[in-house]
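Since the model is a prediction, treat every value here as computed from it, not as a measurement.
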Amino acid sequence: MRNFNALNLAREALRGHKGWGQQWRNPEPKKSYDVIIVGAGGHGLGTAYYLAKEHGVENIAVLEKGWLGGGNTGRNTTIIRSNYLYDESAGLYNHALKLWENLSQELNYNVMFSQRGVMMLAHNVHDVQSAQRHIHANRLNGVDNEWLTPQQAKDYCPPLNISKSSRYPVMGAALQRRGGVARHDAVAWGYARQASAMGVDIIQNCEVTGINRATSGEVTGVETTKGPIGAKQVGVVAAGHTSVLMEMAGVQMPLESYPLQALVSEPVKPVFPCVAMSNAVHAYISQSDKGELVIGAGTDSYLSYSQTGSMHILQHTLDAIIELYPMFNRMKMLRTWGGIVDVTPDRSPILAKTPVKGLYVNCGWGTGGFKATPGSANVFAHTIAKDEPHSINAGFTLERFRNGRLIDEAAAAAVAH
Amino acid sequence: MNPSGQQQFRLPGRGSRIGAKSVRFTFDNKPYEALEGDTLASALLANGVHLMGRSFKYHRPRGVLAAGVEEPNALMQISRDNARTTPNVRASVQEVYDGLQAQSQNRFPTLNFDIGGVNNLLSPFFAAGFYYKTFKWPAAAWDKIYEPFIRRAAGLGQAPTEDDPDRYSNRFAHCDVLIIGGGAAGLMAAKLAAKKKQTIIICDENPHFGGWLLSDTDIRIDGKAGPDWAADTITELAAMNNVRLLNRTTGIGYFQQNMVVLNQRITEHQSKPESGDARERMWQVRAGKVIIAQGAIERHMVFPDNDRPGIMQASAAQSFLNKFGVAVGSQVAVYTACDTAYAAAFDLAEEGIDIPIIVEHRTDIADDLLAQASELGIRVITGAVVEGTGGKLRINSVTFAKQNGNDRETIEVDALITSAGWTPSLHLYSQSRGKPQWDEDTQRFLPGESPQECVSIGACNGTDDLSDIFAEAAKCTGSRAPRHAIEDDVSTMSGFIGATGTSADKGKAFVDFQNDVTAKDIALAVREGMHSIEHVKRYTTNGMATDQGKLSNMHGLAIASKLLKKPIPAVGLTTFRAPYTPTTFGSFVGHSRGRLFDPIRQTPIHDWAVENGAEFEPVSQWRRAWYFPRSGEDMHQAVDRECQTVRSVAGVFDASTLGKIEVVGPDAAAFMNIIYTNGWDKLKPGRAKYGIMCREDGFIYDDGVVGKLSNNRFHVTTTTGGAPRVLNHMEDFLQTEFPDMRVWLTSTSEQWATIAVQGPKARQIIEPLITGVTISNEKFPHMSVVECNVCGVPARLFRISFTGELGFEINVPADYGRAVWEAVWERAEPLGACVYGTEAMHVMRAEKGYIIVGQDTDGTVTPYDAGLSWAIAKAKPDFVGKRGLQRPDLMAQGRRQLVGLATKDPSKVLEEGAQIVADPTCPVPMKMIGFVTSSYWSGTLGKSVALALIEDGTNLIGKSLYAPMADEVIEVEVTGTVFYDTKGERLHG
Amino acid sequence: MLVIHCPYCQAERPELEFANAGEAHIVRPNNMSDMTDAEFEKMFFVRENPKGVNLERWRHIHGCGRFFNAIRHTVSDKFLKVYKAGAPRPSDAEIAELMK
């Protein structure tokens with residue numbers, strides 16, 4: 001694998017870039033593997049990468065029914081932050097944030113992690129109380145998060161409307177300066193490239209159609225559109241399709257899958273310097289390096305695997321954006337798209353062993369999984385390699401829905417991820 | 001041509017779409033003349049201006065390439081004033097009006113001399129995906145140095161910096177047939193469907209219906225020229241009242257169940273729009289059937305330096321000539337792999353414009369085309385490629401040769417028109433969730449079956465021949481095939497996909513103009529392992545510019561397919577996503593701005609509060625009076641005064657926002673037993689009770705006082721924000737779990753105005769206003785309810801308290817709310833009482849340890865945690881939440897429990913949300929055992945009061961804990977939750 | 001935006017008048033207290049979440065206010081059937097017939 005750096009880039013520039021090899025191999029599947037990861041999104045590819053790199057697992061395949069990075073990894077609004085309330089969440093997302101901070105170097109792939117700050121707006125006394133609760137808890141957990149007055153918020157984000165007469169006046173904001181955005185595709189590609197170089201087989205266009213189990217119950221492999229493949233351990237990292245896959249192993253999940261939409265505007269010169277989110281008004285927005293305003297919309301209210309959402313959801317999102325940033329009313333929507341997000345009852349993920357021996361699941365990220373990618377992959381690899389969770393993901397079990405020990409960020413704060 | 005210098009490329013007497021009236025406009029501050037009906041592009045071309053923009057990455061000079069929405073280069077900033085400025089407007093679409101001001105974009109300092117053009121020299125470094133491979137060192141430099149540089153270089157126009165003063169409107173419509181596209185196919189379908197008395201909406205994105213008929217002068221239908229046939233058909237349709245014609249209206253999105261969204265531009269072409277007119281209107285049309293007649297888009301040829309100003313689509317040149325009477329040059333070469341370019345060449349030649357060469361990529365050409373060329377004296381070289389072009393800000397030469405490299409020749413030209421064939425527009429078909437099918441013969445994707453009620457006809461269905469198109473229009477409307485005499489000159493619109501010749505590997509052969517993606521970039525992506533077309537697209541950004549790949553997608557796909565040695569369908573087709581063309585946010589938003597974004601709910605007493613100087617706070621959808629400052633008072637002083645006045649005299653409070661639900665029926669008590677944790681059997685009519693409800697999971701969902709008016713009637717109150725979800729929750733259980741219960745639920749939140757009168761003099765204030773009942777302490781004790789008259793108005797009077805004082809809540813029909821309020825105030829004020837707001841209410845209830853659901857509980861708190869175990873009727877066989885409360889973690893020891901906190905320094909007021917620890921010296925991450933839910937300064941007590949949820953809190957009473965703040969550690973003592981009148985004697989005053 | 005047929009109003013109305021209310025035919029037993037933790041988990045948290053035919057509840061919240069059941073395909077989003085609350089779950093054979 002050829003190193004990515006400015007010198008090699010300059011060398012290649014002089015000879016028409018003929019020397020770059022494939023970033024990842026496109027192999028046919030072997031008969032069996034030690035570990036099969038189902039789903040080649042950022043979380044799945046990262047899991048394979050950390051299994052190979054940190055746990056010395058040599059015989060790994062990642063199976064993907066479409067193209068790698070083609071699910072929610074390539075469909076989200078790329079917001080990264082870690083200012084979650086509960087210790088479990090703060091631990092997980094902050095672990096991810098620390099990995100993000102060195103990920104370009106680690107992967108020798110510029111994932112363009114841009115720590116431009118994530119600002120969460122408060123619009124009423126309840127929002128303020130909730131933001132303060134987060135800020136205090138974050139401080140004691142070693143997570144940066146600070147309070148801004150309306151004017152400070154406006155200074156940080158000049159397009160923001162802080163007029164007291166607006167429908168939902170801005171009463172302040174919580175700012176995590178270490179938060180930001182990254183280039184979503186690059187994360188999948190960077191993990192794929194390094195994993196492939198370490199011998200991980202990434203097999204695209206290979207849909208898993210069954211999970212095979214021995215009579216004694218443990219996992220023995222998977223059925224795929226490219227034939228049966230054996231495996232000692234199977235990790236399912238399939239976002240919106242998790243329920244369908246786990247059902248193949250007889251495991252019913254506390255998940256529901258909803259279409260989530262996002263949109264971008266036409267590109268313009270830099271106008272929006274940070275990421276801003278509002279829960280009460282339900283709008284989140286940033287500007288990409290290409291100049292597009294990247295705007296997250298809400299989910300539809302019903303289950304769907306269609307990757308398309310409704311017009312009224314888009315309208316409501318833009319209503320909210322324009323309420324907060326009225327100067328964008330003449331901007332034009334360039335493109336909308338949809339993903340399928342898997343949502344748990346407490347809006348926190350499941351990163352855990354399952355009742356089936358050798359079967360592991362990483363799911364339930366809802367609308368906020370991108371930010372966790374490196375952290376989730378890292379601890380999930382640990383969970384598979386050691387057959388027990390890392391201390392960081394120990395709380396994110398399936399059992400919590402039985403014993404009631406939920407990690408209810410949504411209930412605690414009513415904050416969108 | 002006009003030698004005066006203005007509009008020197010205008011051909012008098014030509015152009016079906018322009019008028020005689022001239023208008024003036026400016027481009028980069030330079031004045032120009034145009035004719036009414038011009039687009040900005042045709043107007044600039046008429047003035048000999050081809051340089052209209054700069055590309056995104058390399059800042060290469062670019063001219064207009066297309067005459068329609070697919071234009072990738074000629075994007076401009078159009079401004080009426082500072083607020084009404086719009087970036088990235090396609091010059092090929094924008095109609096010129098008198099006074100129009102256009103600026104070029106993405107250049108500094110000028111369009112002719114752009115410093116960013118240095119990127120072009122560095123372009124070998126900037127190949128596809130270059131940024132993934134570098135800028136990684138040092139780690140901190142990406143978002144401090146590299147990224148700001150890239151961000152400044154990228155982007156096109158400027159976002160507005162002021163609020164948009166224009167209006168936008170929104171309309172829903174239903175019709176039997178919606179036809180998208182008003183060319184020959186759409187018009188014929190409309191004509192035939194209209195005869196069947198169906199309601200029809202037909203839209204076209206252009207100012208005029210007619211589609212390609214307006215650009216091709218050789219078509220004759222029943223002896224009429226195309227534009228005339230179109231005009232006659234429109235006249236006919238316009239006269240029918242079952243047909244709605246929408247021009248300047250684009251079908252932008254196709255949603256479930258045949259809902260199609262249309263965007264109509266209303267004033268964008270007007271010099272001085274009427275002030276009341278909406279700028280754009282969004283139509284959401286639910287159609288019985290959708291006929292898609294979107295047409296096709298011509299592809300450019302991909303060859304080195306195919307992007308110089310003066311190079312454009314053949315169809316664009318033909319449109320500029322035939323619609324606008326504009327010649328795109330005086331020496332116009334042609335490079336084509338499609339028959340249709342010949343029509344363009346012949347039309348130009350017939351106008352006397354020199355066509356020095358037709359470079360034909362194919363080897364086998366129809367004889368009649370060659371014969372006609374020869375007749376017009378046009379030289380044709382077949383089996384040939386264009387190897388390159390010359391020129392700086394405008395093309396000045398073209399170099400071509402046989403495909404084997406022989407017969408190389410360079411000639412001088414000032415324009416080059418190209419055609420690689422036509423791509424059927426599958427956008428809306430694909431959005432309808434249809435799957436495009438690859439047609440190997442004509443090398444095109446075509447619509448297959450649609451899962452919705454829709455059909456594609458005409459060029460977007462791959463149908464080239466006008467007779468066939470009319471037959472399709474007949475078939476899809478269930479009509480007999482019409483008989484028309486049709487003369488048309490061109491038979492096929494298929495052509496070539498991919499890069500022509502091997503020379504494309506050497507120079508810059510652009511596939512995607514705006515994003516500067518070349519054939520080499522596609523090849524690099526494939527070489528690097530990007531084998532899915534989605535990977536190619538994302539790695540190179542091919543098809544991600546503002547034209548969304550209308551020109552580039554098929555070329556990119558073909559180049560990748562050839563390199564991968566895989567058939568095109570195996571490489572994939574990128575998904576078509578709404579909107580079809582970029583669409584103003586404002587038209588989605590419509591009227592939902594400012595006060596109409598989300599209506600503010602106001603109580604009947606709201607205006608009184610405004611008149612009496614209240615400050616307001618937003619609470620869910622409401623604005624509530626927060627406090628009533630007297631002159632010179634700040635919030636703190638006002639709240640202190642209000643609290644102390646209530647405790648010493650009395651206060652009046654608008655509690656109308658509380659949710660209210662009437663629960664009625666013979667089984668009302670049984671139903672209440674299910675919904676609430678409390679027991680309701682023993683409550684007597686005329687008595688009230690504080691109730692708690694959980695979700696099935698056992699966590700507190702809502703609370704409120706419930707009055708029992710009779711054995712079958714309860715007056716339920718909920719939290720302000722909770723009313724709708726509580727009613728929904730109740731209805732859910734009533735309708736689906738206990739449908740046999742005879743209970744009816746009615747929301748009465750807005751029907752009752754609620755006036756709380758609290759304090760030692762409360763009874764004295766209201767007693768004279770009450771008729772029909774006695775409200776003495778004996779006859780009407782705490783937690784009573786009675787129906788009576790207040791000020792002669794039928795009322796429900798509660799004796800309840802959220803302050804800990806003697807208190808009443810008067811409910812009167814909302815229309816009487818203000819009158820009764822004023823009557824109460826008239827009594828209260830002379831007695832020295834005050835009016836108080838939500839903040840004082842909060843302070844007083846916290847002094848008493850009364851919880852606010854959502855503040856002191858958060859969805860993870862059980863009634864036990866909140867100290868409300870007394871409100872759980874454990875003996876009841878069932879209530880919602882009973883089973884959930886029995887789960888292991890909810891019964892565990894040491895859960896967070898609601899307690900009071902007293903700061904060691906009584907003057908310190910804790911911050912709400914402050915975290916509590918047992919050991920403040922422990923390093924980060926610290927073990928947090930709880931947090932402050934409510935915290936206030938109590939003027940009455942002269943010290944701070946706070947409520948907190950603390951692990952095992954009830955066992956820690958009397959112990960010291962700590963709130964570590966950013967700059968200090970505050971020591972607190974755990975206390976009970978009641979700070980004031982701990983025995984509760986004042987309630988019974 | 002979906003168009004939904006309300007079986008009580010006997011009319012098609014836009015989705016904006018309705019609220020989705022999750023999976024249908026989840027039985028709340030009379031003897032809740034006797035449920036095991038696993039049974040409670042299944043009832044309250046575990047969901048079919050099918051890619052295909054989904055039996056779901058809707059409420060015509062801004063119309064007649066009634067809850068009802070619907071069978072909808074979660075890939076095409078097409079409604080195959082709506083029926084009143086309390087009506088029995090259509091048999092698998094009946095659902096297969098509707099799919100045709």
Examine whether an atom of A:L263 lies under 4.5 Å from a heavy atom of chain B, and if so say whether it belongs to the side chain, the backbone or both; otherwise answer neither. side chain

Answer yes if the ring centres of A:W24 and B:H531 are under 6.0 angstrom apart, and no otherwise. no

So what's closer than 4.5 Å to chain A heavy atoms on B:Y131: side chain, backbone, both or neither? both

Using non-hydrogen atoms only, which part of A:E323 is less than 4.5 Å away from chain B: side chain, backbone, both, or neither? side chain

Does the side chain of A:H126 come under 3.5 Å of the side chain of B:Q855 through a donor N or O and an acceptor N or O? no

Run the side-chain contact (heavy atoms from CB on, under 4.5 Å) check on A:K290 and B:M544 step by step: do they pass? CA-CA 10 Å; A:K290 279 177 69 188; B:M544 296 175 78; 3.8 Å; yes

Polar side chain donor-acceptor pair, B:E912 to A:Q129, under 3.5 angstrom: yes

Under 4.5 Å heavy-atom distance to chain A, tell me which part of B:F125 shows up: side chain, backbone, both or neither. both

What part of B:F56 gets closer than 4.5 Å to chain A, counting heavy atoms only: side chain, backbone, both or neither? side chain

Do you know which of B:K57, B:E617, B:Q256, B:Q105 has the most heavy-atom pairs under 4.5 Å to chain A? B:Q256

Examine distances only and state if a side-chain atom of A:D289 and a backbone atom of B:R151 form a donor-acceptor pair shorter than 3.5 Å. no

Spell out, as yes or no, whether a donor-acceptor pair under 3.5 Å connects the side chain of A:K269 to the backbone of B:A153. yes

Please walk me through it: do B:K133 and A:N108 pass side-chain hydrogen bond (donor to acceptor under 3.5 Å, both in side chains)? CA-CA 8 Å; B:K133 294 175 177 145; A:N108 181 234; over 6 Å; no

Just by distance, do the side chain of B:H535 and the backbone of A:G70 share a donor-acceptor pair under 3.5 Å? no

Hey, do the aromatic rings of A:Y109 and B:Y132 have their centres closer than 6.0 Å? yes

What's the spacing between B:R577 CZ and A:T308 OG1 if we round to 0.5 Å? 7.0 Å

In terms of heavy-atom proximity below 4.5 Å to chain A, should B:Q621 be classed as side chain, backbone, both, or neither? both

With a 4.5 angstrom heavy-atom cut-off, which part of B:M965 approaches chain A: side chain, backbone, both or neither? both

What part of A:T317 lies closer than 4.5 angstrom to a heavy atom of chain B: side chain, backbone, both or neither? neither

Please check this pair: side chain of B:N88 against backbone of A:P267, looking for a donor-acceptor N/O pair closer than 3.5 Å. yes

Assess whether atom CZ of A:R405 is packed by more than 12 heavy atoms of other residues, nucleotides or ligands within 6.0 Å. no

Side-chain touch A:V125/B:W626, heavy atoms, less than 4.5 angstrom: yes

Roughly how far, to the nearest 0.5 Å, is CG of B:D164 from CE of A:M331? 12.0 Å

A:S163 versus chain B, heavy atoms under 4.5 Å apart: side chain, backbone, both or neither? neither

Is there a side-chain contact (heavy atoms from CB on, under 4.5 Å) between A:V268 and B:L156 once you walk through the steps? CA-CA 5 Å; A:V268 286; B:L156 292 165; over 6 Å; no

With only heavy atoms counted, which part of A:Q204 is less than 4.5 Å from chain B, the side chain, the backbone, both or neither? side chain

Less than 4.5 Å to any heavy atom of chain B: does that hold for the side chain of A:I295, its backbone, both, or neither? side chain

Measure A:H184 against the heavy atoms of chain B and call it side chain, backbone, both or neither at under 4.5 Å. side chain

So what's closer than 4.5 Å to chain A heavy atoms on B:T857: side chain, backbone, both or neither? neither

Excluding sequence neighbours, so at least two apart, what forms side chain to side chain donor-acceptor pair (under 3.5 Å) with A:Q315? B:Q284

Do B:D858 and A:R133 sit within salt-bridge range, that is, some charged N less than 4.0 Å from a carboxylate O? yes

Lys/Arg-Asp/Glu bridge criterion (N-O < 4.0 Å) met for A:R330, B:D166: yes

When you measure from the side chain of A:T336 to the backbone N and O of B:A578, does any donor-acceptor pair fall under 3.5 Å? yes

Polar side chain donor-acceptor pair, B:Q548 to A:R335, under 3.5 angstrom: yes

Could you tell me which residues in residues 2-9 of chain A have at least one non-hydrogen atom under 4.5 Å from a non-hydrogen atom of chain B, sorted by residue number? A:F4, A:N5, A:A6, A:L9

At a 4.5 Å cut-off on heavy atoms, which part of B:A892 comes close to chain A: side chain, backbone, both, or neither? neither

Would you check, one step at a time, whether the test side-chain contact (heavy atoms from CB on, under 4.5 Å) holds for A:S114 with B:W142? CA-CA 7 Å; A:S114 167; B:W142 167 251; 4.1 Å; yes

Check whether A:R402 gets within reach of chain B through its side chain, its backbone, both or neither, counting any heavy atom under 4.5 Å. backbone

Using heavy-atom distances under 4.5 Å, tell me whether A:A192 contacts chain B through its side chain, its backbone, both, or neither. neither

Contacting region of B:L524 [heavy-atom separation from chain A under 4.5 Å]: side chain

A:Y168-B:D598 side chain donor-acceptor pair, cut-off 3.5 Å: yes

Proximity breakdown for A:D185 and chain B, heavy-atom pairs closer than 4.5 Å: side chain

Closest heavy-atom pair, A:N141 versus B:P925, reported as atoms and distance to 0.1 Å, is OD1-CB, 3.5 Å

So which part of A:N403 gets closer than 4.5 Å to some heavy atom of chain B, the side chain, the backbone, both or neither? both

Is chain A contacted by the side chain of B:R279, its backbone, both, or neither, given a heavy-atom distance below 4.5 Å? side chain

Heavy-atom cut-off 4.5 Å, strictly under: side chain, backbone, both or neither for A:Y325 against chain B? neither

Please answer whether the main-chain N or O of B:T134 pairs with a side-chain N or O of A:N110 as donor and acceptor at a distance below 3.5 Å. yes

Rounded to the nearest 0.5 Å, what separation is found between the OG1 atom of B:T546 and the NZ atom of A:K332? 8.0 Å

Counting only non-hydrogen atoms closer than 4.5 Å, does B:V861 touch chain A with its backbone (N, CA, C, O), its side chain (CB onward), both, or neither? neither

dist A:H312:NE2 -> B:F255:CZ (nearest 0.5 Å) comes out at 10.5 Å

Kindly assign one of parallel, tilted or perpendicular to the pair A:H316 and B:F597, based on the angle between their ring planes and the thresholds 30° and 60°. parallel

Non-hydrogen atoms of chain B under 4.5 Å away: do they reach the side chain of A:P158, the backbone, both or neither? neither

Contact class of A:E292 relative to chain B, heavy atoms under 4.5 angstrom: side chain

Regarding B:E147 and A:R116, does a basic nitrogen lie under 4.0 Å from an acidic carboxylate oxygen? yes

Measuring heavy-atom distances to chain A, does B:P148 have an atom under 4.5 Å in its side chain, in its backbone, in both, or in neither? neither

